[in-house]
Student: 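Quick one: this structure, given as structure tokens, is what I'll be asking you about.
Below, read A as the first sequence line, B as the second, and so on, with proteins coming before strands; counting in each chain starts at 1.
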Protein chains: 2
Amino acid sequence: MSADESSKGRPRDRSAGPALMAAARELVLARGYEDVSIRAIVERAGVGRQTLYRRWPGKADLVLDAFLESVDWVRAPDADLGVGAALERYFRDLFVNLREDAPAIRSLIASAQGDAEFLVRFRERFVEPRAVLVAAILERGVEAGELRGDIDVGATVAVLHGAFWYPMLLGEVLDDDRAKTLVDIVLRGVAR
Amino acid sequence: MSADESSKGRPRDRSAGPALMAAARELVLARGYEDVSIRAIVERAGVGRQTLYRRWPGKADLVLDAFLESVDWVRAPDADLGVGAALERYFRDLFVNLREDAPAIRSLIASAQGDAEFLVRFRERFVEPRAVLVAAILERGVEAGELRGDIDVGATVAVLHGAFWYPMLLGEVLDDDRAKTLVDIVLRGVAR
DNA sequence: TTACATACGGCACTGCGGTCTCGTAACATG
DNA sequence: CATGTTACGAGACCGCAGTGCCGTATGTAA
């Protein structure tokens, strides 16, 4: 699967892909996703346009690769933490790592709204790994007796992540306080 | 404010605006937001392109007007309902009204990600009215002693709405069960 | 009636995303 | 070496968003 070498014809220039990802990352960070044209990326990378389209379906997939390269930590939570502390730590880390990349992620979510195939890839690469991680924290909490046994883990994951997508997509700042408040609401609820 | 009649020069054709909104709504519902071109809208409305740009900054604002015309119910909650029932009713109604319009709303949220000025208008027209309404339900619940007195109303509003944005933007179905589960999690929390 | 101001439909223009073709380059096979 | 196959940079081409300009139409004010 990794060896997609047809072994026939001229081999691909192995430096072109990384050069395109680097160019895309630099330009998007400097000017913002929608102010960076495909033409500008390939020019900066010093390649032809087809060389990009031979590797990615379009700008969204290229930028997804370019940014997930650095965001793909998704580290496992410490097993000795309580659910509240583990969740808070997860979201604080997420917000820190997103401080620089949030505009790009927002634009990728936007791109996915009109492109069902890219939405699938974005889910696989960005959404699902984080959902799985949070689900694991919650299930650990259930087993430890910290959380109720009848909770809907999938729905809780969606509530937690939605609570961070919503302000992000509205252009608000994601700080530590928000992580704490968010986790507190979902754990304790607001009812008396 | 309503009489933006300069009283000088040729008056605007009063039928052009409604014709454009109707054309936009029909085409977007039929083909989807990103498959409808500005050119197609003005052609269907039987007007020139500048006639559109004289009234709206672009497609996003036109479609926002065209769809909020029908979505702008935002009815006040019944005062005799408990917080849980009022919230459930609110989200069930929201999901029903969005069953047809959700794709368009998704595309508008997408448009707002690369256009800060449109984001402001989208917040004012779509986000804030609903946030105010849910905040009122929550505050009523606090006064009635149904909710704790120390809750962060704004954060709770964000958690509730985020929990509906997240699945919507991921292309999932918004049904009554989701409304119930969502409200249940936020009210009761997941902790034991 | 004569200015003046604004709206109108139509169209040209630029820059973009995406597709396609050209001539050339780099590899494997025989 | 010759042949076949694929990648390469370059650039033509299409449809679109957005802007600007044209000649014309429709209103108000002198």
Student: Would you state whether a donor and an acceptor, one from the side chain of A/R10 and one from the base of C/dA25, lie under 3.5 Å apart?
Tutor: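 Indeed, a donor on one side and an acceptor on the other fall under 3.5 Å apart.
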Student: Whole-Å distance between C/dC8 C1' and B/R12 CZ?
Tutor: 12 Å
Student: Can a salt bridge be assigned to the pair A/R25 and A/D101 using a cut-off of 4.0 Å between side-chain N and carboxylate O?
Tutor: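 Looking at A/D101 together with A/R25, the answer is yes, because their closest N to O distance falls below 4.0 Å.
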Student: What's the CG-C1' distance between A/L20 and D/dC8, to the nearest Å?
Tutor: 13 Å
Student: Measuring to OP1 and OP2 of C/dG15, would you say a side-chain N or O of A/S37 lies under 4.0 angstrom away?
Tutor: no
Student: Less than 4.0 angstrom between a side-chain N/O of A/T51 and OP1 or OP2 of D/dG9, yes or no?
Tutor: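 Checking D/dG9 against A/T51, a side-chain N or O does come within under 4.0 Å of OP1 or OP2.
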Student: Rounded to whole Å, please give me the gap between CZ in B/R14 and C1' in C/dC8.
Tutor: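 Result: 16 Å.
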Student: What is the distance, to the nearest angstrom, from the CG atom on B/D13 to the C1' atom on C/dG10?
Tutor: 16 Å
Student: Just to be sure I understand the rule, does B/V47 reach a base, reach only the sugar-phosphate, or reach nothing, if contact means heavy atoms closer than 4.0 Å?
Tutor: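 Sugar-phosphate contact only - B/V47 comes under 4.0 Å of backbone atoms but never of a base.
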Student: D/dG15 P sits how many Å from A/I38 CD1, rounded?
Tutor: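 So the CD1-P distance, A/I38 to D/dG15, works out to 20 Å.
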Student: What integer distance in Å separates A/R49:CZ from D/dA10:C1'?
Tutor: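 Atom-to-atom, A/R49 to D/dA10, this comes out as 9 Å.
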Student: Say whether, by atom type as modelled, one donor and one acceptor occur between the side chain of A/T51 and the main chain of A/V47 under 3.5 angstrom.
Tutor: no
Student: Using a cut-off of less than 4.0 Å, is there contact between a side-chain N or O of B/R55 and OP1 or OP2 of C/dC8?
Tutor: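 So the side chain of B/R55 is within the cut-off, an N or O lying under 4.0 Å from OP1 or OP2 of C/dC8.
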Student: Taking atom CG of A/L138 and atom CG of A/L87, what is their separation to the nearest 0.5 Å?
Tutor: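 That separation rounds to 5.5 Å.
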Student: Rounded to whole Å, how long is the line connecting atom OH of B/Y53 with atom P of D/dC16?
Tutor: 12 Å
Student: Nearest 0.5 Å, please: how far is CZ in B/R12 from CZ in B/R55?
Tutor: 5.5 Å
Student: Heavy-atom nearest nucleotide on DNA chain D for B/G9 versus B/G58: which residue maps closer to 5'?
Tutor: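 This one resolves to B/G58.
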Student: Below 4.5 Å, heavy atoms only, C-beta onward: do A/F126 and A/L108 meet side chain to side chain?
Tutor: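 Heavy-atom side-chain distance check fails, nothing below 4.5 Å.
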Student: Using atom CD of B/E34 as one end and atom P of C/dC16 as the other, report the distance to the nearest whole Å.
Tutor: 21 Å
Student: Once hydrogens and angles are ignored, does a donor-acceptor distance under 3.5 Å link the base of C/dG17 to the side chain of A/R39?
Tutor: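 In this structure, the two groups form a donor-acceptor pair.
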